[in-house]
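Comments concern the structure below.
Bear in mind that the values here come from a model prediction, so they are computed numbers and not experimental data.
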Amino acid sequence: MSARPSATRRTVLRGAALAPVIGLGPAACSPTGGTTAPATPTAPVELGADGEVAEGGAKLYRNHNVVVSRSESGELKAYSSICTHAGCAINKLDRTTLICPCHGSEFDAMTGEVLRAPATEPLNALPVRSENGKIVSGPAA
Ligand code: FES
C-alpha cells in the first residue's frame with residue numbers, strides 16, 4: 001500500500017521559480033578599507049588611440065581610473081574617476097555621465113562637475129594630450 005502525497009501540481013511548479021542570485025561583488029568599493037586605487041596617474045599614461053573618444057563623447061579607462069572626454073570643438077579633458085565622496089572607483093559611464101557604484105553620486109565627464117549627491121566636490125582634473133595618435137594623461141615627465 002502506498003500513501004499518496006497530497007501535494008498539488010501548483011505546489012510543485014512554484015518551487016522552481018526561485019533561482020539563486022549571482023553575486024556581482026567586485027570589491028572596488030571599500031572607502032574605509034584603505035585599498036582604493038590611486039586617484040591620479042603619477043606619470044604620463046598612454047590610455048588608448050586618439051580616435052576612441054568622439055567629439056561630444058567620453059570614455060572611461062577603468063584600469064587607470066581616468067575618464068577622458070572631448071568637447072564638440074575637439075578639446076580633450078581628463079578627470080580622475082575616483083569618486084570625491086568617499087574614494088570609490090567609478091565603474092560606470094552612461095554616455096557622458098559617470099555613476100559611482102557606492103552611493104550613487106553622478107558626475108559630468110565633460111566638466112567633472114557633480115550632477116547628483118552625495119558627492120559635493122568635482123572630479124580632479126588631469127593633464128591630457130594627444131601624442132602620436134594616442135591619448136596620454138598624467139603629469140608631464
Ligand atoms: Fe561615490 Fe560615495 S564613494 S558616492
Summary of ring pair (Phe, Tyr, Trp, His ring centres under 6.0 Å) pairs that have at least one residue in residues 70-89, sequence neighbours excluded: His85-His103
Pair listing, ring pair (Phe, Tyr, Trp, His ring centres under 6.0 Å) test, anchored in residues 105-139, at least two apart: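 Residue pairs passing ring pair (Phe, Tyr, Trp, His ring centres under 6.0 Å), neighbours aside: none found.
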With [X] via salt bridge (charged side-chain N to carboxylate O under 4.0 Å, His left out) - residues at least two apart:
{"X": "Arg116", "value": "Glu106"}
{"X": "Glu131", "value": "Arg129"}
{"X": "Asp108", "value": "none"}

Hphob cluster co-occupancy, Leu47 + Val67, side-chain heavy atoms under 4.5 angstrom: no
Same apolar cluster: Leu123 and Leu126, side chain cutoff 4.5 Å: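 They do not share one cluster, since no chain of ILVMFWY contacts under 4.5 Å joins Leu123 to Leu126.
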Taking only residues two or more places apart in sequence or in another chain, which ones pass side chain to side chain donor-acceptor pair (under 3.5 Å) with [X]?
{"X": "Thr120", "result": "none"}
{"X": "Ser71", "result": "Ser73"}
{"X": "Ser130", "result": "Asp50"}

Shared-cluster residues of Val136, by chain and number - hydrophobic side chains joined below 4.5 Å: none
Cysteines Cys88 and Cys102 with SG distance under 2.5 Å: yes
Note, Ile90 side chain near Ile99 side chain (heavy atom, < 4.5 Å): no
Min side-chain heavy-atom separation Val45-Val66 under 4.5 Å: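 When only atoms from C-beta onward are counted, Val66 and Val45 do not touch, as no gap falls below 4.5 Å.
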Residue pairs fulfilling side chain to side chain donor-acceptor pair (under 3.5 Å) with at least one residue in residues 51-63, sequence neighbours excluded: Glu52-Tyr61
Pairs involving residues 77-89, ordered by first then second residue, that meet salt bridge (Lys or Arg N to Asp or Glu O under 4.0 Å) (sequence neighbours left out): none
Salt bridge (Lys or Arg N to Asp or Glu O under 4.0 Å) pairs, two or more places apart, involving residues 117-126: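 Qualifying pairs, neighbours excluded: none.
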